[in-house]
Amino acid sequence: MALNGKVAVVTGGAQGLGKGFAEVLLRHGAKVSLFDVVEDSGNATKTAFDKEFGPDRTLFCVCDVTSEKQFTDAFQKTVQSFGGIDIVCNNAGIINETDWEKTVAINLSGVIRGTYLAVEHLKKQNGGRGGVIINIASMAGLGPLPTCPVYTATKHGVVGFTRAMAMASEYGGYGVRLNMICPIFVRTGLLSSLDKEERAGDFYHLRDVNQKIMERFGTLEVSDVAKAFEKLVLDESKNGAALYVKTEGADYVKFPTQEDIEEKSKQ
Ligand SMILES: NC(=O)c1ccc[n+]([C@@H]2O[C@H](COP(=O)([O-])OP(=O)(O)OC[C@H]3O[C@@H](n4cnc5c(N)ncnc54)[C@H](O)[C@@H]3O)[C@@H](O)[C@H]2O)c1
């Protein structure tokens, strides 16, 4: 997909990976609407982007992805400012095992809400231009992380939901592709959550286990995942795909088909 002149929404775009994805889109000539709860970082990121890319290329909307109203209003504001939407990246996420309901509300319900709003705006049957939705999952969406079971559940949820929606879009002729990114550990603020008792909760005592898993898999920089995001957003052939991003590079996940599962269950 050529990105010049396209309009994108990135949730959790004030910092970390979301900021990195927004930068990729801006470099390719897109306009980007950043949705985030943290107003100071959101404004600071917009100011930095204004300096580098010009004042009319970025919008910052205070938006909590757990609020239907704020999310709906932010989409509306984006359309009014930029004249439509082509790309939506549902990226906002937290690790908080002590408040599992909040974690589910942001990481899973927020992605479902953001995807439904995106489909409503992008879908050709609604007069939309079609486009692409990229949902940010994790390695914890492909296998279990023992130090954060609720985070693991939300990310598995994101993978299952996105794959099913990709098929629904294809069968329904929405003109919208839905894909996922599943990175290993990335050096952002979120990563330090695992070392904080108030975030890790009952699993704080497993931080040595976590350390070993991190040593085994390694850690990435935001720029590594931004490169993978660029590859996925430009590739128009993918729908329902998950890009696994690791230290050796990024590869598409080969999910077992229903036939594979039935075959295995007989063994
Ligand atoms: N850092 C990692 O190791 C890693 C690995 C795999 C996947 N991920 C995923 O990448 C995504 C981005 O994480 P990150 O590492 O950049 O973390 P981060 O903490 O640096 O950034 C997350 C952003 O989301 C925002 N946010 C939090 N709650 C929100 C809400 N209710 N509404 C709107 N915005 C909200 C935060 O304010 C922040 O700007 C998350 O979904 C995370 O699960 C991160």
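Read the numbers this way: they start at 1 and go in the same order the structure lists the ligands and their atoms.
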One pair per line, please: each N/O atom of ligand 1 matched with every protein N/O atom under 3.5 Å away, atom names first, then the distance to 0.1 Å.
{"unit_1": "ligand 1", "atom_1": "1 (N)", "unit_2": "Val186", "atom_2": "O", "d": "3.1"}
{"unit_1": "ligand 1", "atom_1": "1 (N)", "unit_2": "Thr188", "atom_2": "OG1", "d": "3.0"}
{"unit_1": "ligand 1", "atom_1": "3 (O)", "unit_2": "Val186", "atom_2": "N", "d": "2.7"}
{"unit_1": "ligand 1", "atom_1": "3 (O)", "unit_2": "Val186", "atom_2": "O", "d": "3.4"}
{"unit_1": "ligand 1", "atom_1": "15 (O)", "unit_2": "Thr188", "atom_2": "OG1", "d": "2.5"}
{"unit_1": "ligand 1", "atom_1": "16 (O)", "unit_2": "Leu17", "atom_2": "N", "d": "2.8"}
{"unit_1": "ligand 1", "atom_1": "31 (N)", "unit_2": "Asp64", "atom_2": "OD1", "d": "2.9"}
{"unit_1": "ligand 1", "atom_1": "32 (N)", "unit_2": "Val65", "atom_2": "N", "d": "3.0"}
{"unit_1": "ligand 1", "atom_1": "37 (O)", "unit_2": "Asp36", "atom_2": "OD1", "d": "2.6"}
{"unit_1": "ligand 1", "atom_1": "39 (O)", "unit_2": "Gln15", "atom_2": "NE2", "d": "3.1"}
{"unit_1": "ligand 1", "atom_1": "39 (O)", "unit_2": "Asp36", "atom_2": "OD1", "d": "3.4"}
{"unit_1": "ligand 1", "atom_1": "39 (O)", "unit_2": "Asp36", "atom_2": "OD2", "d": "2.7"}
{"unit_1": "ligand 1", "atom_1": "41 (O)", "unit_2": "Asn91", "atom_2": "O", "d": "2.7"}
{"unit_1": "ligand 1", "atom_1": "41 (O)", "unit_2": "Lys155", "atom_2": "NZ", "d": "2.9"}
{"unit_1": "ligand 1", "atom_1": "43 (O)", "unit_2": "Tyr151", "atom_2": "OH", "d": "2.6"}
{"unit_1": "ligand 1", "atom_1": "43 (O)", "unit_2": "Lys155", "atom_2": "NZ", "d": "3.0"}

Can you name the closest pair of heavy atoms from Phe229 and Cys89 and give their distance? CE1-SG, 4.0 Å

With the side chain counted from C-beta on, respond yes when Asn179 and Thr162 share a heavy-atom pair under 4.5 Å apart, and no when they do not. no

For Leu108 and Val158: C-alpha separation, side-chain torsions, deciding distance, then whether side-chain contact (heavy atoms from CB on, under 4.5 Å) applies. CA-CA 6 Å; Leu108 181 55; Val158 169; 4.3 Å; yes

Distance under 6.0 Å and angle within 45° of the ring axis: does Lys46 meet both against Phe60? no

I want to check something: taking the side chain as every heavy atom from C-beta on, are Asn107 and Lys155 in contact at a cut-off of under 4.5 Å? yes

Side-chain donor or acceptor of Thr45 paired with backbone N/O of Gly42 under 3.5 Å: no

